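Remember, predicted model here, so these are calculated numbers, not experimental data.
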Amino acid sequence: MKKWSSAVLPLTIMLVLVALTAWLRYATELPDATRDGRNRHDPDAILSDVRGHKLDAAGALLYRIEAAEVRHYPDDETSELLQPRLAYVSPAKPTVTIRANEARATAKAEKVELSGQVEIRRAASGRQAALLAEMPELTVLSEEKRGFTGSKVLITQGPSWVQGVGMQVDHGLQTYVLESQVRGEIESPFARKKKPKT
């Protein structure tokens, strides 16, 4: 009888510990992750040869966006674009086209981060020659018609060129402001060209 009574106390302690362990596990267990794929960064749609237009409230074209391929990710509502092309078209101003190897856009494409051989081309107009700005990356705020980069930039227009580090672009004002380490050669439109000797 003594052997049985001496075993009851350790068994009781063990049962209490098992019950407390089970309760602790139940109380601290995290809920099961949903299995709808929202926690993974996998595309839910892949589109090829995409073309889109953004219109204002009156139906006037604000810009066009094209891409060879678009991958949409539902976890953060972003899209990755392959060979994107963004064009601002206006009857009063020269067309500005922005190209890159790839880009990442927010849900409504109000912010587009372009990378890999980014080019901004402004068409020629009146007496102004076409303008080309080249850089490795550029962030475009499409609704505001502005862009910026912190990287090295080379701008050429006709025989003139200028380069620097960092740039602010305003399509509405048609301005390209280099921020630092600026140097270049600008040909004056008033410079008289020497006539070749005959």
*Let me know which of Arg71, Arg104, Glu113 forms a side chain to side chain donor-acceptor pair (under 3.5 Å) with Thr78.*
Arg104
*Is there side-chain contact between Leu131 and Arg121, with at least one heavy-atom pair below 4.5 Å?*
no
_Steps toward side chain to side chain contact (heavy atoms under 4.5 Å, CB included) verdict (Lys111, Thr139)_ = CA-CA 7 Å; Lys111 182 178 178 184; Thr139 299; 3.8 Å; yes
*asked:* When you compare the side chain of Tyr176 with that of Val153, does any pair of heavy atoms fall below 4.5 Å?
replied: no
*Is the shortest heavy-atom distance from the side chain of Met135 to the side chain of Met167 under 4.5 Å?*
yes
_Test your reading of the model: is there a side-chain donor-acceptor pair from Ser160 to the backbone of Glu187, 3.5 Å cut-off?_
yes
*asked:* So, taking the atom named NZ in Lys145 and the one named CG in Asp170, what distance separates them when rounded to the nearest 0.5 Å?
replied: 9.5 Å
*Should Leu81 and Val50 be counted in the same cluster of Ile, Leu, Val, Met, Phe, Trp and Tyr side chains packed under 4.5 Å apart?*
yes
_Any carboxylate oxygen within less than 4.0 angstrom of a Lys/Arg side-chain nitrogen, looking at Glu143 and Lys54?_
yes
*Ring geometry between Tyr63 and Tyr88 (parallel below 30°, tilted from 30 to 60°, perpendicular above 60°)*: perpendicular
*What pair of heavy atoms forms the shortest contact from Ala100 to Ser115, and how long is it?*
CB-O, 3.7 Å
*Spacing of CD belonging to Gln157 relative to CD1 belonging to Ile155, to within rounding of 0.5 Å*: 9.0 Å
*Is the closest side-chain heavy-atom distance between Gln168 and Thr149 below 4.5 Å?*
no
*Above 12 or not: heavy atoms from other molecules or residues under 6.0 Å from CD of Gln174?*
yes
*At their closest point, which heavy atom of Pro94 faces which heavy atom of His171, and how far apart are they?*
O-CE1, 4.2 Å
*Heavy-atom closest pair, residues Ala129 and Gly158*: CB-N, 4.0 Å
*Does the side chain of Val140 reach to within under 4.5 Å of the side chain of Leu114, using non-hydrogen atoms?*
yes
*Identify whether Ile98 and Leu61 are in the same connected component of the hydrophobic contact network (ILVMFWY, side-chain heavy atoms under 4.5 Å).*
no
*Straight-line distance of Leu47 CG to His72 NE2, nearest 0.5 Å*: 10.0 Å
*Could you state the interatomic distance from CD (Glu137) to CG (Asn101), rounded to the nearest 0.5 Å?*
13.5 Å
*Please tell me if the side chains of Leu86 and Val112 come closer than 4.5 Å, counting only heavy atoms from C-beta onward.*
no
*Residues Val169, Ile120; criterion side chain to side chain contact (heavy atoms under 4.5 Å, CB included); working and verdict*: CA-CA 10 Å; Val169 180; Ile120 301 174; 4.1 Å; yes
_Would you say Leu138 ends up clustered with Val177 if hydrophobic residues are merged whenever their side chains have heavy atoms under 4.5 Å apart, either directly or through other cluster members?_
no
_Ser79 OG to Ile46 CD1 distance, which is reported to the nearest 0.5 Å_ = 11.5 Å
*Quick one: CG on Leu82 to CD on Glu80, what's the gap to the nearest 0.5 Å?*
10.0 Å
*asked:* Do Leu178 and Val162 have side chains that approach each other closer than 4.5 Å (heavy atoms only, starting at C-beta)?
replied: yes
_Between Arg85 and Glu66, does any side-chain N to carboxylate O distance fall below 4.0 Å?_
yes
_Hydrophobic cluster identity match, Phe148 and Leu154, side-chain contacts under 4.5 Å_ = no
*asked:* Within the structure provided, determine whether Glu134 and Val118 are in side-chain contact (heavy-atom separation under 4.5 Å).
replied: no
